[in-house]
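Each chain gets a letter, A, B and so on, in the order the sequences are listed, and its residues count up from 1. Fair warning: this is a prediction, and the values are worked out from it, not measured in the lab.
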Amino acid sequence: MTLRKKLDKIFGDAFAAAGLDRSFGLVQESARPDLCQFQCNGALAAAKASKANPRALAEAVLAAVDKGIVIRDLSLAGPGFINITLTDAFLADIAATARQDPRLGVPPADPRLKILVDFGGPNVAKPMHVGHLRSAIIGDSLQRLNRLLGHDVVSDVHLGDWGTQMGMLIEEVRLQDPGLPYFDPEVREAYPLESPVTLQDLEAMYPRASSRCKADPVEMEKARQATFELQNGRAGYRALWSHFCTVSKAGLKDDFGALGVEFTYWYGESDDQKNIPGMISDLKQREVAVISEGATVILLDDDGSGAPLPPLLLVKSDGAYLYGTTDLASLRRRVAEDKADRILYVADKRQSLHFRQVFLGVKKSGYLGQAVAEHIGFGTVNGPDGKPFKTRAGGVMKLGDLISMARTEAAKRMAEGGIAESLSPAEREKVAHLVGMAAVKYSDLCNPRSSDYVFDIEKFTQFEGRTGPYLLYAAVRMKSILRKALERGFGAGALLQPSDFERPLFLKIAALPDALERAGRDSMPNLVCDYAFELAGAFSTFYQNCNILREEDPARRGSWLALTGLTLQALECSLGVLGLETPESM
RNA sequence: GGUCCCGUAGCUCAGCUGGAUAGAGCAUCAGAUUUCUAAUCUGACGGUCGGGCGUUCGAGUCGCCCCGGGGCCA
């Protein structure tokens, strides 16, 4: 049981003993650390509900609390706050238990769920830009977090590989080289194994094709026709499309690899197409889907929550499927075949209406069963002007450029400070990469995900204060101490009860399981960012005030080394959830 | 037109079921290093929480109206 749950139970019991609902016994971290460590405001809420005197209720609760070995001080303050301070013996006991536990006190998930994370992936043929950063980094953090909590997690990049842009590209290739066999209806097989286009070609072709189609309705119609034929199985187009996908995936794997992001599946929209016709006829047969103005739709106006939603369009009057159709089919497959209990769609919050429609539609279809689908929406990445981010030259900043920029800044900082000079150039480069990635990921994750986001390269390459590099630095100092202790033959010993400088650190270590559980429940990696920063800060204060290696009392030194080792584990655990890797030195 | 989100310190942002003195980081200023990595630590300065009315013992948080910015749908 986590610390907070333990306290909730103690106070829930006390409220129950005082004749009140035990749900009032929720305990939170103190807003006044100068007065106490935790507080319970339940007496105020209970008083409101029953129109009683809050102080009198709090008195009754106080009298009923079983302090045991857990609570040192209990007091009534203000209008009815209950202030709580734990015994040092109990804090030391929690830390000692965590030290013996590879999971650091994080209870295994119960029930253990099958969780599927959909990254709402990038489109084939388009390079990843800073806008794709969030889905990659947030989604990766969620898959790491849920795995750590003990769930069975799989992830799917879910590429955009089936839209009109594919037809545009086919036509673009035809313009450049109409003699290729892909366009010859007589040729049915044995297409070249080598792709006619490289990644660089694709990246240049896409904007060209897109603006051509936008400018000219005739060109757009050609692209639509090509898309239609592709989707209906024209062999030459399928072969060409397959090259586009292969070439794109190789590029995407480089970018995701640099970010340290991995997926279980590299599926795309195309993978669910074959199941759509069967799904449509099933929905029609059960009258979940109806014909409206020539289109097949699911009506959503009966959810009773205020304004009716527009219907979920499944098949347009011209026979074309839509995004929602594909999403419905993949949801159905994920529940039926993957046995997913919880499906997380990590996608820009501007798509929230779309997902509400899809989720209501799938609910009406009955495909979801007991499973839960959630849209993990995140804020838009804008430039300083509040509009979608552009480089100074007006172009889109590629993700790869951002990563190398952060790495260069880190290397520069290391050179200026004469840091890590003893390392080989290759090792220095590795460290610079880790530091740069830490800066980028932490600044992306540290705000609540639904907040909008102003992209600022200065902020992304900042190394002081509340940043990824600060956290790595704290970890590196711990590692350095532990290494030196080993050299001098100093070992870690039993944890003694905390002194004033250590107590905040003990409290933070005890708070790890609650922080991770809440972050997982609400899919909020920023809570893990908060936790890691507070933990590192508590260690820094301890470090500044207690010189571990110069401590002469072996028992105290051993305890401090144990505390340092445990803090390092808790820090690396939370940094691991954020996708940050700590170097040995920096 | 319908609907949703945002407005908090000079800047970038937190603020969990309404609770005590609204918190961080950056910037500015003042300190700390013969000592475990100063990418650090300690402290100070800095806020009519966009405005108004209301509910409440208590409102940044809830309700209504207005101002300003943005998203989505039509």
Q: Please work out if A/L35 contacts a base, only the sugar-phosphate, or nothing of the nucleic acid, heavy-atom cut-off 4.0 Å.
A: base

Q: Rounded to whole angstrom, note down the P distance from B/C57 over to B/G50.
A: 25 Å

Q: Between P on B/A14 and CG on A/D530, what's the gap in Å once rounded to a whole number?
A: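 Atom CG in A/D530 sits about 11 Å away from atom P in B/A14.
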
Q: Between B/G15, B/U12, B/A20, spot the one nearest the side chain of A/P448, thanks.
A: B/G15

Q: Side chains of A/T582 and A/E572 only: does a donor on one sit below 3.5 Å from an acceptor on the other?
A: yes

Q: Within 45 degrees of the ring normal and closer than 6.0 Å to the centroid, is that where the cationic atom of A/R413 sits relative to A/F463?
A: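 Ring-cation test returns no.
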
Q: Does a salt bridge link A/R557 with A/E552, judged by any charged N lying under 4.0 Å from a carboxylate O?
A: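 A/E552 and A/R557: not salt-bridged.
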
Q: With the threshold set at 4.0 Å, does a side-chain nitrogen-carboxylate oxygen contact exist between A/D514 and A/R518?
A: no

Q: Where does the angle between the aromatic ring planes of A/F539 and A/F542 fall among parallel (under 30°), tilted (30 to 60°) and perpendicular (over 60°)?
A: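 Perpendicular.
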
Q: Is it the case that more than 12 heavy atoms not belonging to A/E429 sit under 6.0 Å from its CD atom?
A: no

Q: Tell me the interatomic distance from A/E29, atom CD, to B/G23, atom C1', rounded to whole angstroms.
A: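 Going from A/E29 (CD) to B/G23 (C1'), I get 13 Å.
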
Q: What contact category does A/A77 fall into here, base, sugar-phosphate, or nothing, at under 4.0 angstrom with non-hydrogen atoms?
A: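 Touches a base.
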
Q: Which value, in whole Å, describes the distance between the C1' atoms of nucleotides B/A22 and B/G46?
A: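 After rounding to an integer number of Å, I get 14 Å for this pair.
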
Q: For a quick check of understanding: with a heavy-atom distance under 4.0 Å over all strands, which category does A/D34 fall into, base, sugar-phosphate or nothing?
A: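 Base contact - A/D34 has a heavy atom under 4.0 Å of at least one base atom.
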
Q: May I ask you to check whether A/E502 and A/S499 show a side-chain donor-acceptor distance below 3.5 Å?
A: yes

Q: Between B/G58 and A/K48, counting only base atoms on the nucleotide and side-chain atoms on the residue, is there a donor-acceptor pair under 3.5 Å?
A: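 Result: at least one qualifying N/O pair found.
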
Q: When you check every protein heavy atom under 4.0 Å of nucleotides 33-47 of chain B, what one-letter string (B, S, -) results, 5' to 3'?
A: --BBBSBBSS-----

Q: I need the CZ-C1' distance between A/F355 and B/G71, as an integer number of Å.
A: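 Taking atom C1' of B/G71 as the reference, CZ of A/F355 is at 16 Å.
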
Q: Using the closest heavy atom to pick a nucleotide of RNA chain B for each, name whichever of A/G78 or A/R521 lands nearer the 5' end.
A: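 The residue closer to the strand's 5' end, by nearest nucleotide, is A/R521.
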
Q: Any idea how A/Y345 and A/F355 line up, ring-wise: parallel (<30°), tilted (30 to 60°), or perpendicular (>60°)?
A: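 Rings of A/Y345 and A/F355: tilted, as their planes differ by 30° to 60°.
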
Q: For nucleotides B/G52 and B/C16, find the distance between their P atoms and express it as a whole number of Å.
A: 22 Å

Q: Which nucleotide in the set B/C5, B/C72, B/C16 lies at the smallest distance from any side-chain heavy atom of A/K349?
A: B/C5

Q: Report which part of the nucleic acid A/N83 touches: base, sugar-phosphate, or nothing (heavy-atom distance under 4.0 Å, all strands).
A: base

Q: Taking the C1' atom of each, how far is B/G15 from B/G47, in whole Å?
A: 14 Å

Q: With heavy atoms under 4.0 Å as the rule, sort A/Q462 into base, sugar-phosphate or nothing.
A: sugar-phosphate

Q: Does the base of B/U17 carry an N or O that pairs as donor and acceptor with the side chain of A/Q28 under 3.5 Å?
A: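 Check passes, donor-acceptor contact within cut-off.
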
Q: Measure CG/A/L57 against P/B/G19 and give the value in whole Å, please.
A: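 For the pair A/L57 CG and B/G19 P, the rounded distance is 19 Å.
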
Q: Looking only at atom C1', what distance separates B/G18 and B/G54, rounded to whole Å?
A: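 Their C1' atoms lie roughly 15 Å apart.
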
Q: Do A/E581 and A/K441 meet the salt-bridge criterion of a basic N to acidic O distance under 4.0 Å?
A: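 Salt bridge between A/K441 and A/E581, a charged N being under 4.0 Å from a carboxylate O: no.
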
Q: Using the P atom on both, measure B/C53 against B/G58 and round to a whole Å.
A: 15 Å

Q: Are A/F81 and B/G19 stacked, counting the six-membered base ring, centres under 5.5 Å, planes under 30°?
A: no

Q: Mapping A/C446 and A/Q351 to their closest nucleotides on RNA chain B, which lands nearer the 5' end?
A: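 The residue whose closest nucleotide sits nearer the 5' end is A/C446.
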
Q: In whole Å, what separates the C1' atom of B/G68 from that of B/A30?
A: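 That atom pair is separated by 39 Å.
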
Q: Could you work out the separation of B/C45 and B/A24 based on their P atoms and round it to a whole Å?
A: 13 Å

